[in-house]
Amino acid sequence: MAPVLLDQPNGQQMVKTADDRVPLKVSHPNPSLQITADQKLKSVDTPVYAPKPGEALVHIKATGICGSDLHFWKTGRIGSLVFEGDCTIGHEASGIVLQCGEGGDRVAVEPGVPCEHCFLCDEGRYNLCDDVQFAGVYPYEGTMQRYKNHPAKWLHKLPDNVTFAEGALLEPLSVVMHGVKSAGLSLGRGVVVCGAGPIGLIALAAARASGAHPIVVTDLEPARLAFAKEFVPSCITYEVDRTKDSQGNAEAIRALFGSGEYFAPETILECTGVESSVCTAAYTARRGGTVMVIGVGKAIMNNLPFMHISLAEIDLRFINRYRDTWPPAVACLSGGILDLKKLVSHRFPLEKAQDALHLCADTRNGSIKVLVVDEQDVSL
């Protein structure tokens, strides 16, 4: 099929290709960060296409780096999700609509686009859709680039008092909100947050806002625990003792809540996905309590304390991303229920996105949430 020239109302000329995507001439290049099939990072300029009906062309202003981005880079997969070719990464994003209707809205990008036809989508559980097209997971292009087309339905308008940086934090906040809602935190009941990384810190703030008390946050790194204490002063910190097994650490954590089974924490928000931490969480929860695994871990875990979980009727739960969380997440930030701005520890320009990933990959750098931002004032 030969290319077809199309004349546009704004005077731009575009070429229609065989796959029905229309390359668009833009005022700036489109640098993007990709992970290759052989687990390398690659910075490339990628084509920009005119949005199809129902889509919007978004100028991505901020993208947060997620642990899953690092996991895909280092291992090439998360469970059944495998990088089989080069793909632009990134899914925690906000930006400006450049072309769609009147355009110009400041938006947050909900990165998962479900099929909307399967029984799970029909039930409203679209986060479990087996045919979801999730940004930054091969083969679907992510947000670590200047321009991205995305279905307008899955863009959420940002109020004027929510920054692009905060807009990029709505994705991890949505993960936490889905976990907190599924765990069912109770006012005045004890909670443990395992892990003081970005997800754990957001979970810590959400647990505080929910009225849970007391709240203990655990981690291996003293610096992260110090930040957690600064971030939520009312929390109690516990440095995981590497010389103790899961039961030993669980006993020490339980002691922070007082003596007796009644005072043991009712809910554990496990935000690391590390097998030993999941085991500690299971031993820490009170009998009949809930362990909500929010973190992403190994495909197979072999050492979970099955009979303890069974005999104590521990409710071991899991989440897959989120659903119906973006509007309330926006409300949490715009209404001042949560203030997550302190989590942003580093910012890198889009052209140095590789440097951002390398910094995140080394825990000695002390990063919390790293953003890749584009300060360019672009237009079509």
Side-chain angles (χ1 to χ4, degrees), residues 1-36 41-64 85-116 132-158 164 167-168 171 348-354 371-380:
M1 175 178 174
V4 178
L5 295 180
L6 301 176
D7 291 322
Q8 300 300 305
N10 58 10
Q12 293 176 316
Q13 193 176 68
M14 298 182 289
V15 179
K16 187 172 183 179
T17 58
D19 63 0
D20 289 331
R21 293 190 300 173
V22 180
L24 183 63
K25 293 181 179 180
V26 292
S27 58
H28 290 73
N30 188 30
S32 67
L33 181 63
Q34 298 183 344
I35 293 175
T36 66
L41 295 178
K42 180 172 70 172
S43 297
V44 296
D45 282 338
T46 53
V48 181
Y49 298 99
K52 296 179 181 179
E55 289 185 336
L57 178 63
V58 181
H59 173 204
I60 302 296
K61 297 292 287 185
T63 294
D86 300 352
C87 185
T88 302
I89 60 170
H91 58 272
E92 302 177 1
S94 62
I96 299 173
V97 172
L98 296 179
Q99 191 176 100
C100 179
E102 294 182 358
D105 284 341
R106 301 168 64 254
V107 295
V109 179
E110 183 169 353
V113 180
C115 75
E116 301 189 71
V132 64
Q133 299 180 13
F134 198 86
V137 177
Y138 180 86
Y140 307 109
E141 298 298 318
T143 59
M144 202 77 74
Q145 55 183 323
R146 177 163 290 134
Y147 302 103
K148 174 175 169 49
N149 285 317
H150 199 74
K153 177 178 180 178
W154 302 102
L155 298 174
H156 302 275
K157 189 172 180 178
L158 293 176
F164 287 118
E171 199 276 344
F348 285 78
L350 178 58
E351 291 78 9
K352 294 186 177 181
Q354 284 200 42
L371 295 185
V372 174
V373 300
D374 186 21
E375 303 291 352
Q376 294 283 349
D377 183 13
V378 305
S379 59
L380 295 177

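- Scanning for side-chain hydrogen bond (donor to acceptor under 3.5 Å, both in side chains) contacts around Q354 gives S43, with sequence neighbours left out.
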### Residue pair V113, V132: steps toward the side chain to side chain contact (heavy atoms under 4.5 Å, CB included) verdict
CA-CA 5 Å; V113 180; V132 64; 5.5 Å; no
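- Taking the side chain to side chain contact (heavy atoms under 4.5 Å, CB included) definition, one finds that E55 meets it with P51, K52, N149, sequence neighbours left out.
- Applying the side chain to side chain contact (heavy atoms under 4.5 Å, CB included) rule to A93 yields the partners I60, T63, V109, T143; only residues at least two apart in sequence or on another chain are considered.
- Looking only at distances, no side-chain donor or acceptor of E171 sits under 3.5 Å from a matching main-chain atom of A168.
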### Task
Apply the test side chain to side chain contact (heavy atoms under 4.5 Å, CB included) to residues Q34 and L41: give CA-CA distance (whole Å), side-chain angles for both, the deciding distance (0.1 Å), then the verdict.
CA-CA 6 Å; Q34 298 183 344; L41 295 178; over 6 Å; no
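- Rounding to the nearest 0.5 angstrom, the gap separating the CG atom in L155 from the SG atom in C100 is 8.0 Å.
- Taking CD1 from I89 and OH from Y138, the interatomic distance works out to 15.5 Å, rounded to the nearest 0.5 Å.
- The CE atom of M144 lies 13.0 Å from the OG1 atom of T46; values are rounded to the nearest 0.5 Å.
- For the side-chain hydrogen bond (donor to acceptor under 3.5 Å, both in side chains) test, residues two or more places apart in sequence or in another chain that qualify with K153 are E116.
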### Task
Begin with the C-alpha distance, continue with both residues' side-chain angles, and end with the deciding distance and a verdict on side-chain hydrogen bond (donor to acceptor under 3.5 Å, both in side chains) for T88 and E141.
CA-CA 5 Å; T88 302; E141 298 298 318; 2.6 Å; yes
### Message
With side chain to side chain contact (heavy atoms under 4.5 Å, CB included) as the criterion, how do V378 and L98 come out once you've worked through the C-alpha distance, each side chain's angles and the decisive distance to 0.1 Å?
### Response
CA-CA 9 Å; V378 305; L98 296 179; 4.1 Å; yes
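- Residues forming a side-chain hydrogen bond (donor to acceptor under 3.5 Å, both in side chains) with D45 (at least two apart in sequence, or on another chain): none.
- Scanning both residues, V44 and K42, for their nearest heavy atoms gives CG1-CG, 3.5 Å.
- Using a 4.5 Å heavy-atom threshold, the side chains of L350 and V373 count as separate.
- Put simply, NZ on K61 and CZ on R106 are 10.0 Å apart, with the number rounded to the nearest 0.5 Å.
- Between Y147 and V48 there is a side-chain heavy-atom pair separated by less than 4.5 Å.
- Residues satisfying the side-chain hydrogen bond (donor to acceptor under 3.5 Å, both in side chains) criterion with D374, sequence neighbours excluded, are H59, R146.
- Side-chain contact between V97 and L57 is absent, with no heavy-atom pair separated by less than 4.5 Å.
- Counting all heavy atoms, side chain and backbone alike, L24 lies closest to Q99 at CD2-NE2, 4.4 Å.
- The minimum heavy-atom distance between E351 and P31, with the atom names listed, is OE2-CG, 4.4 Å.
- Partners of K352 by salt bridge (charged side-chain N to carboxylate O under 4.0 Å, His left out), not counting sequence neighbours: none found.
- Among residues two or more places apart in sequence or in another chain, the ring pair (Phe, Tyr, Trp, His ring centres under 6.0 Å) test is passed with F134 by H91.
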### Task
Test F164 against L371 for side chain to side chain contact (heavy atoms under 4.5 Å, CB included), laying out the working first.
CA-CA 10 Å; F164 287 118; L371 295 185; over 6 Å; no
